[in-house]
Amino acid sequence: MKRFLAIKVFLWFWLTVISTLAILVSVSFLQPDVLASKDISPPMLKNLFHVKKSLDKHIQRNPDKSLEEILSHRRHGKRSKIYLKHDDPEKSLISNPDLNQFDLALLNFSVGGEPKVINTDRYRAYGPLSVHIQQNDYQLFMILDNREGDLFLKVRLMPRWMKLSILLLASLVLSYWFAMGLLKPIKQLQKAASQLAQGKLSARAEVDKTRQDELGQLGKDFDIMASQLETQVLSQKRLLADISHELRSPLTRLQMATGIASGKATGELGNYLQRIEKESHLLDHMLSDILQLSRLESGTSCVEMQPLCIAELLEPIFSDAQFESQQLNKQVITSELPEKLLVGDTILLNRAIENIVRNALKYAKKTVAIQCKIAGEQFVLQVSDDGPGVNEDMLDKLCIPFYRASQSRTPINNQKGGFGLGLAIAQHAIKVHHGHILFQNNQGLDVTVRIPLQQPHVLQQ
């Protein structure tokens, strides 16, 4: 039979209650004998005065008898026993030898006060009542056997602060223990789901396989779902890469044939062949991007980490951007390039930064501003355009391959749009360098790249 979560919660609740009571009882046996007092009821107070009055009458009737003989009278030796406490312990008297088995010294704390009901774990006392007998002052107590069970009486006689502390501590510890056992698989699921959302397809919840409740089954189902998702995504990427690779050969032959035919064709046929050649080059560029992205995603691209001068890396990229911006009647504004060294792969970083700058130049209206700086142990590159920007809910999707944010980000003036692969390649290239890329809307779109100057270890994939 499965241990369903509802049953476990129910059983743990009662286990907490029973365990708390057990701890409370166990601690009560460890404490020394204690007493608890409360106000005496009018009938018992009346009874106490009646005992005093009865004792006075016996003394008056028998002046020759000693106080010990009077106390041993059968009226005073029955169920209600009498204890006369004197300041000198040797002069204290009892009406019944059975009282010797009780710790009557506990009553010393109540001497001189108002009559109370005093409970101990073995007897119950009523008093004290001051009496003057045979030229001696006594404190009169009426003693009864405590008929309550020792177990619960010990608990009841414990100080309130102690009982409250035990109840709180025991319930907190047991509840925390149960809560941690309940939350552990939930946290594992949450962590795995977060990693899966970030693109880590190998993430698994790894909930304890011995769990047979709903959370254990949920963890197993999650891992099965993640495995199937990883298989499907990897299969899709592998298929896309294989198709792209296989298309390269016929595309190359098509370009060669088109080039030969263009050299012999004239007139309108030549224009059509030139158009075919142009589109084939565009298709070839797209296939190159797909293969590059596929290698980055699968981790099969060769990465050669080496120290690079940031200024030397960025200068040719920005120079090309300046030249291209002049052809488009736009302006590229760059800050001073830092001379710091950055450990990275020249080809990947060049491709990533170039894609980001070209993307900004493509969608800018007039100006692209580029700022480069060193912040702590990181290289920070910020590229801002004055274009239309992107809707806030689409910022996180800009690095998805073949994704187009909106019509407002589509080039105008008959410019050719990209394939939605540039930023995806840039993101993966930056991830290889343990950096990250952030998109924000300002006047246009701001792209901020942060890359550590030193890599944790040299990657060779």
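Since we're looking at a predicted model, the values are computed, not measured.
By the 4.5 Å heavy-atom criterion applied to side chains, Asp446 and Val383 are not counted as neighbours. At a threshold of 4.5 Å between non-hydrogen side-chain atoms, the residues Leu381 and Thr448 do not count as touching. Using a 4.5 Å heavy-atom cutoff, the side chains of Leu328 and Leu361 are in contact. Under the 4.5 Å side-chain criterion, counting only non-hydrogen atoms from C-beta, Ile310 is not in contact with Leu341. Taking the side chain as every heavy atom from C-beta outward, Ile374 and Phe379 approach each other to under 4.5 Å. Annotation: side chain of Ile430 is not in contact with side chain of His428 (no heavy-atom distance under 4.5 Å). Side-chain contact between Leu45 and Tyr126 is absent, with no heavy-atom pair separated by less than 4.5 Å. No side-chain heavy atom of Val447 sits less than 4.5 Å from a side-chain heavy atom of Gln382.
Rounded to the nearest 0.5 Å, atoms CD1 (Ile356) and CZ (Phe439) are 6.5 Å apart. Atom CD of Glu206 and atom CD of Gln188 lie 7.5 Å apart (nearest 0.5 Å). Put simply, CD on Glu354 and CG on Leu314 are 11.5 Å apart, with the number rounded to the nearest 0.5 Å. Taking CD1 of Ile353 as the reference point, atom CG of Leu348 lies at 11.0 Å (rounded to 0.5 Å). We find the NZ-CD distance between Lys373 and Glu336 to be 14.5 Å, quoted to the nearest 0.5 Å. Between the OG atom in Ser325 and the CZ atom in Phe318 there is a gap of 12.5 Å [rounded to 0.5 Å].
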Problem set entry | Audit row: Leu218, Leu189, side chain to side chain contact (heavy atoms under 4.5 Å, CB included) steps and yes/no | CA-CA 9 Å; Leu218 178 60; Leu189 285 166; 3.5 Å; yes
For this session: Test side chain to side chain contact (heavy atoms under 4.5 Å, CB included) on Asp386 and Lys366 and set out the steps.
Result: CA-CA 7 Å; Asp386 59 352; Lys366 289 295 182 180; 3.7 Å; yes
For this session: Show your reasoning for whether side chain to side chain contact (heavy atoms under 4.5 Å, CB included) applies to Phe102 and Leu99.
Result: CA-CA 5 Å; Phe102 297 150; Leu99 293 179; 3.7 Å; yes
For this session: Could you please spell out the steps behind the side chain to side chain contact (heavy atoms under 4.5 Å, CB included) verdict for Gln378 and Ile451?
Result: CA-CA 5 Å; Gln378 289 186 332; Ile451 302 175; over 6 Å; no
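Between the side chain of Asp385 and the main chain of Gly444, no donor-acceptor pair closer than 3.5 Å is present. Of the possible polar contacts, none joining the Lys330 side chain to the Val368 backbone as a donor-acceptor pair under 3.5 Å is found. Side-chain atoms of Asn355 do not come within 3.5 Å of backbone N or O of Leu423 as any donor-acceptor pair. Judged by distance alone, with hydrogens and angles left aside, the side-chain atoms of His433 form no donor-acceptor pair with the main-chain N or O of Leu453 at under 3.5 Å. Counting only distance, with no hydrogens or angles, the side chain of Ser194 and the backbone of Gln190 share no donor-acceptor pair below 3.5 Å. A donor-acceptor pair under 3.5 Å is formed between the side chain of Asp223 and the backbone N or O of Ala205.
By the side chain to side chain contact (heavy atoms under 4.5 Å, CB included) test, Thr346 pairs with Gln306, Leu308, Leu313, sequence neighbours left out.
Heavy atoms only, all atoms of each residue included: Arg351 and Ile425 are closest at NH2-CD1, 3.9 Å. In terms of heavy-atom proximity, Ala203 sits nearest to Gln195 at CB-OE1, 3.3 Å. Shown here for Phe222 and Ala192, the closest heavy-atom pair between the two residues is CE2-CB, 3.5 Å. Of all non-hydrogen atoms in Val207 and Gly219, the two that sit nearest each other are CG2-CA, 3.7 Å. Closest approach of Ile143 to Ala125, counting heavy atoms only: CD1-CB, 3.5 Å.
More than 12 non-hydrogen atoms from other residues, nucleotides or ligands lie less than 6.0 angstrom from CD1 of Ile333. At most 12 non-hydrogen atoms from other residues, nucleotides or ligands lie less than 6.0 angstrom from NZ of Lys191.
Between Arg358 and Glu324 there is a salt bridge, since a side-chain N of the basic residue sits under 4.0 Å from a carboxylate O of the acidic one. In this structure, Asp39 pairs ionically with Lys116, as a charged nitrogen and a carboxylate oxygen lie closer than 4.0 Å. In this structure, Glu230 pairs ionically with Arg204, as a charged nitrogen and a carboxylate oxygen lie closer than 4.0 Å.
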